[in-house]
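Report on the following structure.
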Protein chains: 2
Amino acid sequence: MTTQCTQCQARNSPLCSVFTDTEIAALFNLAHVRRIEAGAYLLHEEDPVRQVYNISSGALALERLASNGAKQIMAFCYAGDFIGISSGPSYSVSARALKSLTACQWQETDLQSLYKQYPKLETRVHEITARVVEAIMDQLFVLGSKKSVEKIAWFLLFIETKQARIDGASKSFNMPMTRVDIADYLGLTVETVSRAFTQLRINKLISITDKWTITVEDRKALTALGGYATPALGRKG
Amino acid sequence: MTTQCTQCQARNSPLCSVFTDTEIAALFNLAHVRRIEAGAYLLHEEDPVRQVYNISSGALALERLASNGAKQIMAFCYAGDFIGISSGPSYSVSARALKSLTACQWQETDLQSLYKQYPKLETRVHEITARVVEAIMDQLFVLGSKKSVEKIAWFLLFIETKQARIDGASKSFNMPMTRVDIADYLGLTVETVSRAFTQLRINKLISITDKWTITVEDRKALTALGGYATPALGRKG
DNA sequence: CGCCTACTTGAGTCGAGTCAAGAACCGTGG
DNA sequence: CCACGGTTCTTGACTCGACTCAAGTAGGCG
């Protein structure tokens, strides 16, 4: 199908958007489409780096496991996110699907030769990596300085923004991750996450339809709490 | 002076090591050498990105300030570290010198044209950025899952490794940062950091000569605590 | 010598973790 | 359709570790 990419949710993603329709068809010919069930792993942290991926649909969590059982989630990724780049011999995170997922898979060696053919690709991948640094620094900032309710407030606004990029802006939004995932992302326990949700609900900052559908009722208060877009400087909102 | 670079502490850094002596002389001609006093800022987070830097000597902290006064240190950088790459219009961190510092400064526009002249440079900068991601993820993991004493144990082993790359391996090592800096790096308070140091000293895992000179006395126990190799010893027994 | 800053130590409080129980939700199979 | 078991989420009671406030010590520098 030559129309594969034109209909893809990731067509306007940072990676794919640099290519013309002709170019991306060639790129797609090199790709293998991977489908993963919810809960399954696309890749493991100890795997040798041989493939890279661009997510077409679904969502996943990048996580790292400690030997004592502790888990830290490094990022939640959506359609259009590019993963698999690493500086070492192995990915240093595992990628677990939150919802059933499809992704374009390229051989890492193919990516290297594509760099030669399309120099703008290497530049773009470079930009993507730099953006990852920003995102992860935001997370670091939140983990280091905020209290539990503030963390949740920040998290909700953060996910709402990500989700809006997929579904479009709307009054309420849907989260693909469980309370445990949220806890592992923010360095909290499930109980604390649950209590923070309850507190925000009782104080009428948000309302919760089913467990994964959130409506922001008092954006001003929530923003004040979460300090979203308030890390002192004027970065784009 | 054609011998400038050959004597530089950063000659074998990730950035400079890809170049021959002839090439690096040309690179150095484009550079401006910046000198910064301890406590002064090399760049501010809100500055537009116009220059990039490779540290020749000294040490600095990359930090972000919140409007409420909270501060999060994102990284400690030493000779050989390359900084200034950003995905946005502004650096998203400030760089404060911990000890008097010298760094090679290039115009960001010059870097772009150097990419064309030396494709291996762009690849290397890309690798450096990817390594930054790994480092920040390590920090994220520590912030999210460890207790204060474990954080300090991890931190000491971490800094020892970094310091050894500059001074060479040795029984004891020197830290350029204050207790407040350590607290801001690990998401703790000064008092908690101080108590953790005391606890490690009393339990004879480390000894402290002057406030910034640390000797590791019981590496096995410290490693077990910090989780550099083995899981943290559980206090939940 | 005295001032200033950084660090240490102590006492008390509070927030988040732990342990435990119960409620809501889900898929499965009768 | 409902009963059932497993999972996820919520809520409660309690504990403990890190923060806060406050005082005191050690160096560095005039």
Side-chain angles (χ1 to χ4, degrees), chain A residues 37-39 61 68-72 96 98-100 142-153 155-156 174-203 206-214 225, chain B residues 37-39 61 68-72 96 98-100 142-153 155-156 174-203 206-214 225 232-237:
Chain A
E37 294 303 301
N68 62 357
K71 184 166 65 175
Q72 176 65 45
R96 174 172 50 88
L98 299 171
K99 321 164 58 168
S100 66
V142 171
L143 255 79
S145 57
K146 288 188 186 299
K147 306 215 172 300
S148 64
V149 188
E150 297 170 343
K151 285 182 180 180
I152 295 293
F155 176 78
L156 289 174
N174 204 278
M175 306 185 299
M177 68 289 290
T178 67
R179 300 286 190 269
V180 179
D181 290 333
I182 299 172
D184 289 338
Y185 181 74
L186 296 172
L188 299 169
T189 59
V190 209
E191 294 94 329
T192 303
V193 170
S194 186
R195 277 185 247 271
F197 270 101
T198 303
Q199 192 179 325
L200 291 175
R201 185 168 43 76
I202 288 177
N203 294 342
I206 61 169
S207 59
I208 306 176
T209 324
D210 73 59
K211 273 158 192 164
W212 301 280
T213 307
I214 307 288
L225 245 187
Chain B
E37 294 303 302
N68 61 359
K71 183 166 65 173
Q72 176 66 45
R96 173 172 51 88
L98 300 171
K99 319 162 59 167
S100 66
V142 171
L143 255 79
S145 58
K146 289 186 187 299
K147 305 213 174 300
S148 64
V149 187
E150 299 169 343
K151 286 181 179 179
I152 295 293
F155 175 78
L156 289 173
N174 204 278
M175 305 185 300
M177 69 288 290
T178 67
R179 300 286 189 268
V180 178
D181 290 333
I182 298 172
D184 289 339
Y185 181 73
L186 296 171
L188 299 170
T189 58
V190 210
E191 295 92 329
T192 303
V193 170
S194 186
R195 278 185 247 271
F197 269 102
T198 304
Q199 192 178 323
L200 291 174
R201 186 167 43 76
I202 288 177
N203 295 341
I206 60 169
S207 60
I208 306 175
T209 323
D210 72 60
K211 274 158 193 164
W212 301 278
T213 306
I214 307 288
L225 247 187
L233 39 97
R235 65 185 51 228
K236 57 192 311 190

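On a predicted model such as this, the values are computed, not experimentally measured, just so you know. Within every chain, numbering begins at 1; the chains are lettered A, B, ... in the order of the sequence lines, protein sequences first and strands thereafter.
Phosphate proximity of C/dA6 to B/Trp212: absent, as no side-chain N or O sits under 4.0 Å from OP1 or OP2. Phosphate contact (OP1/OP2 of C/dT9, side-chain N/O of B/Arg201, threshold under 4.0 Å): present.
Across residues 181-196 of chain A, A/Glu191, A/Ser194, A/Arg195 each have a non-hydrogen atom less than 4.0 Å from an atom of DNA chain D (numbered order).
Closest approach of A/Arg96 and A/Lys71 over heavy atoms only: NH2-NZ, 3.8 Å. Summarising the geometry of A/Met175 relative to A/Lys211, their closest heavy-atom pair is CE-O, 4.1 Å, with the distance given to 0.1 Å. Taking all atoms of both residues into account, the shortest heavy-atom contact from A/Val190 to A/Arg179 is CG1-CB, 3.9 Å.
Shown here are the side-chain contact (heavy atoms from CB on, under 4.5 Å) partners of A/Thr178, two or more places apart in sequence or in another chain: A/Val180, A/Asp181. Evaluation of the side-chain hydrogen bond (donor to acceptor under 3.5 Å, both in side chains) rule for B/Thr213 yields B/Asn174, B/Asp210 as partners, not counting sequence neighbours. Applying the salt bridge (Lys or Arg N to Asp or Glu O under 4.0 Å) rule to B/Arg195 yields no partners; only residues at least two apart in sequence or on another chain are considered. Under the side-chain contact (heavy atoms from CB on, under 4.5 Å) criterion, A/Lys99 pairs with A/Ala59, A/Pro176, sequence neighbours left out.
Inter-residue side-chain proximity for B/Val142 and B/Phe155 is flagged as unmet; no heavy-atom pair is nearer than 4.5 Å.
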(request) Dot-bracket notation for DNA chain C is requested: 5' to 3', Watson-Crick or G-U wobble pairs only, both distances under 3.5 Å, with ( ), [ ], | and . as defined. (result) ||||||||||||||||||||||||||||||
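Put simply, CG on B/Leu200 is 16 Å from C1' on C/dT9, counting in whole angstrom units. Between A/Ile208 atom CD1 and C/dA24 atom P the separation is 15 Å, expressed in whole Å. For the pair A/Gln199 CD and D/dG12 C1', the interatomic distance rounds to 16 Å; values are reported in whole Å. Between the C1' atom of D/dA26 and the CZ atom of B/Arg179 lies a distance of 12 Å, rounded to the nearest Å. Atom CZ in A/Phe197 sits about 16 Å away from atom C1' in D/dT11, given to the nearest Å. Rounding to whole angstrom units, CD1 of residue A/Ile214 and P of D/dC9 are separated by 11 Å. Remark: C1' of C/dT5 and CE of B/Met177 are 19 Å apart, rounded to the nearest angstrom.
Nearest-nucleotide positions on DNA chain D for B/Lys211 and A/Thr198 put A/Thr198 closer to the 5' end.
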Between the protein and nucleotides 12-15 of chain C, list the N/O to N/O atom pairs that are separated by less than 3.5 angstrom.
none

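The structure places CG of B/Leu143 at 6.0 Å from CD of B/Gln72, a figure rounded to the nearest 0.5 Å.
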Report, one line per pair, each donor and acceptor closer than 3.5 Å where one atom sits in a side chain of residues 182-189 of chain B; sequence neighbours left out.
{"residue": "B/Thr189", "atom": "OG1", "partner": "B/Thr192", "partner atom": "N", "Å": "3.4"}
{"residue": "B/Thr189", "atom": "OG1", "partner": "B/Thr192", "partner atom": "OG1", "Å": "3.0"}

(message) Is there a side chain to side chain contact (heavy atoms under 4.5 Å, CB included) between A/Val193 and A/Lys151? Walk through the geometry before answering.
(response) CA-CA 9 Å; A/Val193 170; A/Lys151 285 182 180 180; over 6 Å; no
